[in-house]
Amino acid sequence: MEKAKADNFSITERKDFILTKGRQKDQLRCGEDSIAGVVSQRACVYCGARVVLNPVTDAVHLVHGPVGCASYTWDIRGSLSSGSDLYRFSFSTDLKEHDVIFGGEKKLTLAIAELAQKYNPKLIFVYSTCIIGVIGDDLEAVCKAASKKYKVEVIPVQSSGFAGNKSAGYRAACDALLRLIEPKTIEPGFYKEKRKKSINYLGDFNLAGEVWIIKNYLKQIGIDVNVAFTGDSSYEALKKATGASLNIVQCAGSMIYLANKMDELYGIPYLNVSFLGIEDTAGSLRKIAKFFNDLEIMRKTEELIKNEKTKVSAVIQFYRERLTGKKAAIYVGGGFKAISLIKQFKEIGIDVVMIGTQTGRREEYETINDMVDDGTVILDDANPSELEKFMMEKGAHLLVGGVKERPLAYKLGMAFIDHNHDRKHPLSGFVGAVNFAEEVYSTVCSPVWNYVTGTGAAFPAPQRAKII
Amino acid sequence: MLDCTPKEIIERSGGVINPAKTCQPIGAIYAALGIHNCLPHSHGSQGCCSYHRMHLTRHFREPAMATTSSFTEGASVFGGVSNLKTAIKNVFAIYNPDVMAVHTTCLSETIGDDIPSIIKSAEVPEGKLVIHANTPSYQGSHITGFSNMTKGMVNYLAEATLENKKERLNIIPGFINPGDMREIKRIADLMGIKFIMFPDTSGVLDSPMTGQFNMYPRGGARIEDIKDAGNSKLTVALGSYASSDAANLLERKCKVPAVTLNTPIGIKATDNFIMTLRQNFIKEVPYLLEEERGQLVDIMIDTHYHFHGKKVAVFGDPDIIAGLTEFILSLGMLPVYVLTGTPGGTIGGPQGIFEKEITNMLTEAGIEGKVKAAGDLFQLHQWIKNGPVDLLIGNTYGKYIARAEDIPFVRVGFPILDRSMHPYLPVVGYKGAMRLLELISNALLDRVDRDACDEDLELVI
Ligand code: SF4
Ligand code: SF4
């Protein structure tokens with residue numbers, strides 16, 4: 001890989017974080033802190049922890065800190081629930097100046113007491129935010145005391161925002177989940193009897209009901225999902241996580257740590273899977289079937305894949321014909337998502353010309369580098385002006401990103417899809433592939449782009465490549 | 001669904017459930033975006049800044065730019081001095097704004113970074129400016145943050161350089177949408193008055209599609225104008241929570257007399273605004289405005305029977321809901337619950353101004369209602385469960401209550417995350433009042449149609 005030329009680039013400190021795929025192999029720097037004074041698109045530790053734990057539906061998610069951290073995360077993720085709605089409420093200790101000076105432990109104790117009394121939950125997560133790290137409240141002690149007193153499991157999540165980025169938050173969340181999983185509560189003989197064709201599904205947060213789609217496929221091939229981490233999960237279900245004989249891991253960035261731990265502690269092996277795109281879905285189902293080494297399961301798997309593929313192929317073909325030759329730019333949170341997006345775009349004939357992530361890991365960047373064509377720009381923790389520069393230079397028609405990138409793309413006269421938490425259709429499985437194609441088509445080929453050029457000199461024609 | 005709120009009211013003191021406010025920095029960023037060529041900067045961890053930008057982007061559907069000091073563990077132990085210095089250097093080198101508006105976060109406040117002295121010792125390029133405001137979120141709300149940053153503009157920029165004041169007005173609009181700011185400017189223009197509005201986010205957060213991304217869109221108050229605001233003869237602060245602190249500071253600093261008025265929502269507050277302009281600048285009210293007022297009253301009379309006696313719950317930011325409450329009363333409706341998450345009085349000042357002010361309005365109208373500052377939506381929901389209403393008015397977060405209780409719902413305020421158009425179409429002035437009337441009556445009448453059985457469905461209502 002050739003480094004993108006630094007001279008047309010004003011932040012020299014950033015040049016090692018950007019690559020253009022070429023001949024020589026080079027390493028992209030990633031996983032470091034953002035530079036002070038840039039418009040970073042990155043989020044914090046608390047954000048990461050909250051994303052992972054939020055879908056635990058019957059828990060009280062109490063944010064210990066000033067009100068803002070809780071306000072901004074009140075029900076902003078489309079994780080669906082088939083049971084409790086408690087997770088969609090916003091609980092904050094709303095610390096005031098007095099608490100900052102004298103410590104927030106008292107207020108936290110009070111808040112837990114009130115919530116325990118009011119909602120009678122089985123589980124309370126207490127998230128620490130930046131300020132807690134500084135004033136030094138003893139979260140452990142408060143939670144422990146409250147657990148005892150109110151007979152409810154109160155688990156502290158060590159997610160002070162400044163102590164790293166989102167990935168550190170994923171880890172804090174996994175640590176909290178590990179405390180929940182208790183093999184002690186399982187009766188003898190459980191492992192042998194129950195641990196049969198049952199798996200845990202890690203790294204799916206049931207956005208738009210995606211967990212349900214996958215559960216349904218697995219059921220059709222004769223495999224039960226013990227519990228999903230953490231989409232549409234509940235206290236009781238998570239407790240019994242050790243009842244599964246296999247963990248499958250989708251979003252590796254957030255869950256690989258937990259998978260490794262569960263392997264180490266409870267001897268549950270794991271497989272990496274991806275249910276994004278037709279080929280990945282089929283491949284992952286086959287992988288799972290192979291693990292169980294059961295002819296019946298394998299037969300059913302092939303049958304399912306065949307049926308589902310037939311169902312969707314005509315539609316995919318329709319979109320593929322209309323989208324072939326379009327170019328996409330990707331800027332998403334984790335490396336896993338970025339990788340599967342490249343494949344998804346290939347399935348509908350679209351080339352990826354720019355790709356970046358907020359928290360991608362080295363191995364993931366290597367995989368990305370192997371997958372994309374020469375000339376594709378790869379970048380870590382990009383800021384908006386970098387995104388703009390490379391999208392324009394590479395003539396992208398479409399950007400895939402999160403909330404903050406949407407208006408940026410639109411201002412450039414570029415189509416956009418949200419592959420993050422604001423998405424409204426499931427993108428998993430075979431039906432997800434159709435939704436994905438439909439969504440790309442509906443934005444890339446919308447007539448609104450035809451009106452971008454104005455009549456006066458104030459609104460010159462955009463520099464983007466012509467669509468359609 | 002989503003109805004986890006119990007009816008039985010329990011006293012609480014350990015924090016909030018479903019907040020009706022958010023933190024100071026987001027208000028500071030919004031205010032700073034109202035200066036042309038200004039880049040807001042968040043002195044704290046990157047997470048806060050990311051959340052604030054995301055939230056603003058969701059409300060306005062526009063890019064909201066801000067930089068961050070990217071605190072790490074080191075900074076949180078040893079202080080953020082070097083982070084801010086590096087940030088100042090980088091911001092001007094990379095993004096080249098005319099002014100950088102620094103605000104603090106809970107974290108940097110708790111650590112105790114002394115921003116003014118850091119700014120003084122930083123390398124700020126010739127001709128460029130750095131201003132700042134302290135915005136610890138463990139005090140006040142986003143409204144306080146807006147007020148503090150506006151105060152910062154006066155503090156750093158405004159100057160009295162002339163002996164005689166200019167025949168000109170300063171308008172501090174408060175935390176309202178760009179479309180509202182445009183409407184207020186239109187009214188002042190129609191009155192033929194020269195004015196300076198700051199902050200002014202019109203043309204920034206409602207900028208048109210041009211096929212280009214501009215870090216600094218065309219709109220925003222000009223720095224020269226904010227400086228020259230010290231030479232105006234009057235400042236009108238719209239909204240006592242978001243605007244009066246800055247106006248009062250300008251009065252102390254530059255001897256520009258300050259008048260605080262309610263945000264001109266509804267007929268009475270708009271009348272007040274226009275009368276204040278007329279008296280101070282000895283201008284006639286132009287026919288166009290008279291006509292708009294007349295049309296508004298005409299519509300109010302045409303439709304008043306739809307509104308009379310309807311019970312309403314209103315929540316949101318104090319300046320906005322003061323205006324809304326007054327307007328609702330003028331329609332014959334009963335605002336029985338009025339709640340804001342923002343604490344009552346100004347910080348350090350007497351508490352409970354909000355509660356008193358609204359309660360006075362209600363008492364005057366002979367209505368008994370519950371009024372609360374520093375409340376949360378859990379509390380509002382409990383009130384409604386114990387005494388139902390016919391209409392709910394507030395920001396997007398009201399949708400849970402509206403659904404659980406099956407109440408018609410009108411979205412007004414900040415943030416609105418699930419509908420568009422609100423940044424463009426005003427709720428202030430006579431035109432804005434007409435729009436509110438449309439929103440309210442549509443919500444009420446759609447409900448009548450929805451609930452009517454076939455034989456009761458009327459063509460004309
Ligand atoms: S730490 Fe403070 S400034 Fe940051 S989001 Fe939380 S409340 Fe707001
Ligand atoms: S204070 Fe810390 S935890 Fe809260 S939003 Fe900011 S960075 Fe995240």
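Naming: A, B, ... by sequence-line order, numbering from 1 per chain.
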S.K.: Can you list everything that forms a side chain to side chain contact (heavy atoms under 4.5 Å, CB included) with A:Val154? Sequence neighbours excluded, please.
M.R.: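 A:Val154 satisfies side chain to side chain contact (heavy atoms under 4.5 Å, CB included) with A:Ile112, A:Ile124, A:Val126, A:Cys143, A:Ala146, A:Ser147, A:Val152 once adjacent residues are dropped.
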S.K.: Quick one: are A:Arg406 and B:Arg61 in side-chain contact, heavy atoms under 4.5 Å?
M.R.: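 Contact flag for A:Arg406/B:Arg61 side chains = no.
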S.K.: Sort B:Thr57 into side chain, backbone, both or neither according to what part of it lies under 4.5 angstrom from a heavy atom of chain A.
M.R.: side chain
S.K.: Specify which of A:Lys107, A:His64, A:His98, A:Lys106 makes the most heavy-atom pairs with chain B at under 4.5 Å.
M.R.: A:Lys107
S.K.: A side-chain contact here means heavy atoms from C-beta on lying under 4.5 Å apart; do A:Cys130 and B:Ser45 qualify?
M.R.: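 Result yes, sub-4.5 Å side-chain heavy-atom pair found.
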S.K.: Can you say whether B:Pro6 sits under 4.5 Å from chain A via the side chain, the backbone, both, or neither, judging by heavy atoms?
M.R.: side chain
S.K.: So do B:Phe213 and A:Leu387 actually touch side chain to side chain, heavy atoms under 4.5 Å?
M.R.: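 No, too far: nothing below the 4.5 Å cut-off.
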S.K.: Do the non-hydrogen side-chain atoms of B:Arg53 and A:Val39 ever get within less than 4.5 Å of each other?
M.R.: yes
S.K.: Measuring only between side-chain heavy atoms, which start at C-beta, is A:Lys118 closer than 4.5 Å to B:Phe378?
M.R.: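 Yes; the side chains approach each other to less than 4.5 Å.
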S.K.: Is chain A contacted by the side chain of B:Met215, its backbone, both, or neither, given a heavy-atom distance below 4.5 Å?
M.R.: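 Contact with chain A involves the side chain of B:Met215 alone.
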S.K.: Could you check, using the six-membered ring where one of them is a Trp, whether B:His52 and A:Tyr72 have ring centers closer than 6.0 angstrom?
M.R.: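 Ring-ring flag for B:His52/A:Tyr72: true, centres closer than 6.0 Å.
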S.K.: Non-hydrogen atoms of chain A under 4.5 Å away: do they reach the side chain of B:Ser207, the backbone, both or neither?
M.R.: both
S.K.: So which of A:Ile101, A:Leu62, A:Leu95, A:Ile135 has the largest heavy-atom pair count under 4.5 angstrom toward chain B?
M.R.: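 Between A:Ile101, A:Leu62, A:Leu95, A:Ile135, the count favours A:Leu95.
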S.K.: So what's closer than 4.5 Å to chain A heavy atoms on B:Leu56: side chain, backbone, both or neither?
M.R.: neither
S.K.: Go through the structure and list residues passing side chain to side chain contact (heavy atoms under 4.5 Å, CB included) with A:Cys69, not counting sequence neighbours.
M.R.: A:Tyr46, A:Val63, A:Thr129
S.K.: Is it the side chain or the backbone of A:Thr73 that comes within 4.5 Å of chain B heavy atoms, both, or neither?
M.R.: side chain
S.K.: Restricting to non-hydrogen atoms, name the atom on A:Pro407 and the atom on B:Pro63 that form the minimum distance, rounded to 0.1 Å.
M.R.: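 Looking at all heavy atoms of both residues, the closest pair is CB-N, 3.4 Å.
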S.K.: Considering only heavy atoms, which portion of B:Leu107 lies under 4.5 Å from any heavy atom of chain A: side chain, backbone, both, or neither?
M.R.: side chain
S.K.: Which pair of heavy atoms, one from B:Asn83 and one from A:Ala36, lies closest together, and at what distance?
M.R.: O-CB, 3.5 Å
S.K.: Measure B:Lys85 against the heavy atoms of chain A and call it side chain, backbone, both or neither at under 4.5 Å.
M.R.: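 Neither part.
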S.K.: Please classify the contact of B:Phe92 with chain A as side chain, backbone, both or neither, using a heavy-atom distance under 4.5 Å.
M.R.: neither
S.K.: Side chains of B:Lys21 and A:Asp94, heavy atoms from C-beta outward: is any pair under 4.5 Å?
M.R.: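 In short, these two side chains touch, coming nearer than 4.5 Å.
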S.K.: Side-chain contact test, heavy atoms from C-beta onward, threshold under 4.5 Å: evaluate it for A:Asp99 versus B:Tyr138 and give yes or no.
M.R.: no
S.K.: What I'd like to find out is whether the side chain of A:Asp75 reaches to under 4.5 Å of the side chain of B:Tyr397, using heavy atoms alone.
M.R.: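 No, side chains not in contact.
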S.K.: Mind checking whether A:Trp74 and B:Tyr400 have parallel, tilted or perpendicular rings, split at 30° and 60°?
M.R.: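 Answer is parallel, since the angle falls under 30°.
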